[in-house]
There are 2 protein chains.
Amino acid sequence: MKKYLSILKKTKLFSGLSETDISSMLSCLDAKLFSYKNGDYVFRQGEHLSNICVLVEGKLLIQNDDYWGNRTIINNISIGEMFGEAYVAPESGALLNDVVAVEDSVVIFFDFKKILTVCSSACRFHSMVVQNLFFAISEKNKKLVQKLGHISKRSTREKLMSYLSEESKKQNSLSFTIPFNRQQLADFLSVDRSAMSNELCKMRDEGLLVFEKNQFRLL
Amino acid sequence: MKKYLSILKKTKLFSGLSETDISSMLSCLDAKLFSYKNGDYVFRQGEHLSNICVLVEGKLLIQNDDYWGNRTIINNISIGEMFGEAYVAPESGALLNDVVAVEDSVVIFFDFKKILTVCSSACRFHSMVVQNLFFAISEKNKKLVQKLGHISKRSTREKLMSYLSEESKKQNSLSFTIPFNRQQLADFLSVDRSAMSNELCKMRDEGLLVFEKNQFRLL
DNA sequence: CCTTTTTTGTTGTAAAAACAACAGGCTTGT
DNA sequence: ACAAGCCTGTTGTTTTTACAACAAAAAAGG
């Protein structure tokens, strides 16, 4: 476990804590380490989770197979990322996706009850972890709501307007840089790249905005 | 504040606690009550939040105006619902939406720091609230991810397959009831009702499934 | 029981998006 | 400097969706 302290230190969960702090908390949080070979399932659809997990080595895929056999990649988890936190609530039911290792991987499990219930020995940094966890999940929440706001628009143009407006608000300026290239933006908005590129140029020609590469300005 | 104890008791935040328990915690959580007239803004775009809010009377709308003036209803908040919890993280930045009262409304604000930091006087039920808060937000998170999974599919048919598969998994049976009528389902999946209805019937004719009203069976 | 309203399915048309294929420009690495 | 590989824009075609309008069935209300 010691081996991965430097990685844990960089995670959102332990943000602001030193390696020594983290080390002293591991037992208090009932941390357990599991290894997986490339191709192994970390979790299977139908399982019930009661752990918050952090990937410290390798790479995972969260994927979903529907009844007719269509497979979708929901997300890929890189080193330092947390997962499973959305499934620990008792009413949350069984996991609906599979989590698969696509490289030899190592995951650390934390008992979420232990995290939430500040221990009687009152380890100093425990409440910090609670806050970190809360911030992380609430941040995720915010991002999801925003993305949903864009994607649920009917037309490509509306999706673009929604996204670009928001980016402009976030950066508090009509000129702003987006963190995507065209293909990534199209994927994010769930549209075809070329169609989106086309629409973007139409919007430019209509005088709604100007752009150059990933630098945009609303007019 | 007393007046609203019966409502607070039914919220997710205070689930499992009695009115007396809640009453004894209110000061510890630094609860504050605010009233709004129909049309008043509870929050405006650009503000920074540090409270978790619960609506105890009236009705609110979370709405978003983009740069070009298009207004979107993001959500409507009914009595007993919690909001604002996605914006309390320090890095979360300014609120990007407006929250408006569409009836005369009353909102109770809780200091999120007070919630997360279990008080030294160690009120017995505090850690229960922390857990409730965490469950509520993680549940929201889960729902958002799932919805996003459906909506981000390109075609109406794929959206339907994704949604129906999941509902089947959730209810652990190929026969299941959905909690929507056609219009609601179309809104949820962000497609046109008649087009969706059409697609649904095509799928039935192709032998993928059968349905009657909101009862479905996958084949 | 009858009327009214709501929900659902159906059809045709117009609009939009996906898709495919390609060209020019910009990067990167040798 | 050159070649190879990406990224972006552009165009034409095909497929899909939205939209509008309507009919039938079901539900609600008196």
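Convention: sequence-line order gives letters A, B, ...; per-chain numbering from 1.
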Counting any heavy atom closer than 4.0 Å, what does [X] reach on the DNA or RNA strands: base, sugar-phosphate only, or nothing?
| X | answer |
| --- | --- |
| A:N181 | sugar-phosphate |
| A:F211 | sugar-phosphate |
| A:K213 | nothing |
| A:S197 | base |

Donor-acceptor pair, B:K140 side chain versus A:N141 backbone, under 3.5 Å?
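It does not hold such a pair.
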
Backbone of B:N38 reached by a side-chain donor or acceptor of B:D104 within 3.5 Å:
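Between the backbone of B:N38 and the side chain of B:D104 there is a qualifying donor-acceptor contact (under 3.5 Å).
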
Taking the nucleotide of DNA chain C with the nearest heavy atom to each, does A:R157 or B:Q184 sit closer to the 5' end?
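The 5'-side residue here is B:Q184.
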
Just checking B:Y163 against B:F216, ring centres under 6.0 Å apart?
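No - the distance between ring centres of B:Y163 and B:F216 does not fall below the 6.0 Å cut-off.
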
Before we go on, tell me: are the rings of A:F112 and B:F135 under 6.0 Å apart, centre to centre?
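Close enough - the centres of the two rings lie under 6.0 Å apart.
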
Going 5' to 3' along DNA chain C, between which two nucleotides do contacts with chain B fall, using a heavy-atom cut-off of 4.0 Å?
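Range of nucleotides within reach of chain B: C:dT7 to C:dC19.
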
[X] has an atom [atom1]; how far is it from atom [atom2] of [N], in whole Å?
| X | N | atom1 | atom2 | result |
| --- | --- | --- | --- | --- |
| A:I178 | D:dC7 | CD1 | C1' | 13 Å |
| B:N198 | D:dC19 | CG | C1' | 13 Å |
| A:R193 | D:dT11 | CZ | P | 14 Å |
| A:Q215 | D:dC7 | CD | C1' | 17 Å |
| A:Q183 | D:dC6 | CD | C1' | 11 Å |
| B:K159 | D:dT16 | NZ | P | 14 Å |
| A:M203 | D:dG9 | CE | P | 13 Å |
| A:N214 | D:dT8 | CG | P | 8 Å |

Would you say A:K169 and B:N64 are linked by a side-chain donor-acceptor pair, where the criterion is simply a distance under 3.5 Å?
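Distance-only check passes for B:N64 and A:K169.
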
Tell me whether A:E212 at atom CD has more than 12 heavy atoms from other residues, nucleotides or ligands lying less than 6.0 Å away.
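No, CD of A:E212 has 12 or fewer neighbouring heavy atoms, counting only those of other groups under 6.0 Å.
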
Does A:R217 CZ have over 12 foreign heavy atoms under 6.0 Å away?
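Not more than 12 within 6.0 Å, no.
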
I want to confirm an ordering. Mapping B:S155 and A:F180 to their closest nucleotides on DNA chain D, which one lands closer to the 5' end?
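Of the two residues, A:F180 wins.
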
